[in-house]
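Report on the following structure.
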Amino acid sequence: MNGTCGWPPSSANSASSDTIIRQRHASAGRNRARGEEFEAMDVLSDRYQSSDYDVIENQLHTEDEQLLAKQKIPKFIWQLEMKRWFVMLLIGMTTAAIAAGVDICIDVLAGSKYSLVASYFAHKVDDISILIPFFLWMGIDVVFVFLAAMLVVYGEPVAAGSGIPQIKCYLNGVLVPHVVRFKTLLCKVIGIIFAVSGGLAVGKEGPMIHAGSVVAAGVSQGKSTTFRRDLKIFRDFRTDHEKRDFVSGGAAAGVAAAFGAPIGGVLFSLEEGASFWNQSLTWRIFFASMTCSFTLNVLLSYYNGNPWSLSSPGLINFGEFTGIDYHGYEILLFLLMGVIGVCWAAFNAINYKITVFRMKYVYRGSMCVMEVIVIAILTVSLSFLSIYLGKDCQPVTQYVENPLQLFCGDGEYSASASLFFSTPEESVKTLFHAREGSISFLTLLPFCVIYFLLATLTYGLSIPSGLFIPCLLAGAAWGRLFGMFLHYLSPTPEVFSACGLYALIGAAAQLGGVIRMTISLTVILMEATHNITYGLPLMLVLITAKWVGDIFNHGLYDIHIELHSVPLLHWGPPPVSSHIKASDVMNHPVVTLNTIENVGRLMDILLKNDHNGFPVVDPYDETRILGGTFRGLIIRSQLSVLLKNKAFTSWPTSNEPRKRIQLDDFRNEYPRFTEIADISITDRERECSIDLRPFMNPSPYSVSKEASLPRMFRLFRALGLRHLVVTDGHNRVVGIVTRKDLARYRYNSHRNRGLEELPIVSI
Amino acid sequence: MCASTSAKPVTFCEKCGEQYQGVLDVVEEIKKDHDCRDKLLNSDILQIVQKMNTFVMDLWMDGNCDNCFTQNQNEPPDVNYREFSNDTKQFLILFNQTQECFKTYNHTDTDIYGGDIVSNKTLCQKCRKNYIHLNEFYGQMGSIGSLCMDLVEMMNVTRQQWNQVHCTEHTTNYTSVVSISVFCCSLPVLFYLFAMFITRKRVILGRKCVFYYYVMLYYVI
């Protein structure tokens, strides 16, 4: 299998890309003269389909509901609600189990790696023999990282990166291929264990959120396409609408597992899926995230040897910040730290340039794996160099894990080793809680610069990689430096707070400046530090960092989404766009189907193009003046079920059996419907006709062609539509609007400063 | 008080065992008598007695002083039974040997416990064995968090003295180690240069048609 890294997924439309490549070779050299080069950020891909949250209220649906009405409605509704809560409980517990497994595996692997290398460092320090532990360290890291890269490149390319951009797209309504499959979960979880143990500048938080979403998508359907098992439960949840609600719960559970922040998880889901919210969903998602946090707490307490002590609600533990309070005037200093958000915007800019370079030059599977190995070697070499050249020796206390003595005297350890030679979470805790003066300026400054560069280089590699911990660590280093600088300037020690607090504020500023999430990040950090009094400075710093950073570029997740040309619909329509009418936006001419359609014509239409929604109209007469009234909308997936079950209305002879289609036939096929090309229709059957009226949506949402872009955008986004039909004054179909058509219009505040229209491409 | 005189270097556990025991006994007596307890422990806001009791108990607990002595399970610890454990005795023997060795070979003839040593080679040679024995024994006594504070202090002082003598000289070969590390650091640069010049660039080429907003674009390698 030929591996590629990152997006775009190459599984679909591979035939067309082959032809394109052949074209290129045939006319090599001429293309340059004919074409111009486009940036990935300036185009939209047509590869991405939308989810459909509109309920198809066709005749089958109505009959189904009436059948239920004859039975006991209250019991059915009550049972459905209980099922929903039970599924949320399952989601919470499964996500917690996965998170605990990841944490324990990383603890074991990384712990044994560090103690092994430390034992070599204890003896072989003189002369060149120090290279032995160095190469051992490098060797172990390369092996781990190689495994992680192989899993992603040759297993499932969607598992690369953080997973949060993909989940953002999914909650927005874009179907990113393979994003919630079991194989993705497997590659992601095993990959992140090896990536973190391999010493790279990555965290395990983003992958937890992705894992929670996959768990939710899988558990809520009650069947697995990978394992070909159908448990026949949860049939009512086999629609895009229900699945998405559960995925929101899964994402919240993932956040709760990663940070020990259940409320932060709920707000994270809220921030990403704002327009599809309702109160009962909020309550259920909160239940899922609390269950997840609690289960994880119990599992980890067993692992730590204190069963039921319930002291580790999340994977990240920032330690206790008791007794460290800030003075009122220091809030101004915190704001200043947020304003120096120009550094954080630089992080995004550097990563953007590197990602564009990677998309252009590093796309083959083998190159991607090589790149990961090379970056791992760089990380180890820079860490080793800093430790080797560092002269900072501190006395050993009981709070130091794996102290490296190196060139220090007995009873002392190297302070730069405590930062470089440990997992990122340990380093963060060191920076937050170390005593004043236990890390010198000369150790911290190189660490800050090196880690900043490593973090921006590492995000975007073909491994599962979280972004939270690297940003927190780089920011904590910077913040602590700022705090030490203030202490140096101040006349008395009491004027400014502890350096650890400045480290926390710096970490928040960095994270907010890179990711630009607002309320959810504030609450996550507040919950992770177990201290509400830090809420105000955290919020101010995050707001300042976001506003300053937004002057220069977008958040890193948004940049990556734009680089992959995903048609994402933002929170609102682009400003000053009311002059754009539906007739400008819509897709035309539209392929329509007649209410009673000939099977042969239907097959031809379905095979010739890859539209997903077809307006159903009254048949035209020969003159094409009468007829054509808009009657309904039918989806390709429904048509494939009808054709597969041969639900024709007229048959060649009267002896053919008539199969009555049930709603369950549609539910059983969800989510992967049979491809039209795989359905065999004989020539005799091609002459049959099929009545679409019982199956189509009899009143889909439609707008007149005078509707403005903001109006259509709000309708589309609020209701989660997939198609919006445009009609003229006589209720005839003139066009159809899909997500791509609306997402084309983008307000670019950074480069062109205006409303721009993006071309849609087939990449 | 006893605690303030044995504060630095820390010999609190060793010297103040009697006083600690005395405090324990008196508090026991007070607690048994209800009348006494109310009058002494609960009757005023400042609660000096209570605070002093807490202070003494905390010092003893934080210093892990019980670890220095043998654990007597049968009877309540009494000043007559309080003797050093075997580990403590062994450690003290080694420590005294090391200090004697330092004293012998130190050129300035002052009492050096907690004082400065001048660096010299003979001291390194002769006292190295003693020091290594002490170090190893200390290492296998247990983790720092559970050791008696007196012993930890003695070990720290010895180590500081040893560090001053600069006996464990490590040889460093800066040129080779740094050059190899720098070579490893430059591997990514070489890789990216290789990628840029050797592999074919993957671009999105295309042409904008005038009348339609659809553009014929494709990924080309």
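Labels below follow one simple rule: chain letters A, B, ... track the order of the sequence lines, proteins then strands, and each chain is numbered from 1.
- Contact count against chain B (heavy-atom pairs under 4.5 Å) is highest for V374(A) among L389(A), V374(A), L382(A).
- Only the side chain of I130(A) comes within contact range of chain B, with heavy atoms under 4.5 Å apart.
- Residue F183(B) does not touch chain A at all, counting heavy-atom pairs closer than 4.5 Å.
- Between chain A and the options L187(B), T199(B), V177(B), V182(B), the largest number of non-hydrogen pairs under 4.5 Å is found for V177(B).
- Under the side chain to side chain donor-acceptor pair (under 3.5 Å) criterion, T355(A) pairs with N351(A), not counting sequence neighbours.
- The environment of F146(A) atom CZ is sparse: at most 12 non-hydrogen atoms of other residues, nucleotides or ligands sit within 6.0 angstrom.
- For Y120(A) and W137(A), the distance between ring centers is not under 6.0 angstrom.
- Annotation: side chain of E757(A) is not in contact with side chain of R746(A) (no heavy-atom distance under 4.5 Å).
- Interface remark: M138(A) contributes side-chain atoms only to the contact with chain B (heavy atom separation under 4.5 Å).
- When ring centroids are compared, Y361(A) and Y192(B) stay outside the 6.0 Å threshold.
- The side chain to side chain contact (heavy atoms under 4.5 Å, CB included) search around A743(A) returns L44(A), P567(A), L569(A), not counting sequence neighbours.
- With a threshold of 4.5 angstrom between heavy atoms, S176(B) approaches chain A through side-chain atoms but not through N, CA, C or O.
- Looking at L190(B), neither its backbone nor its side chain comes within 4.5 Å of chain A, counting heavy atoms on both sides.
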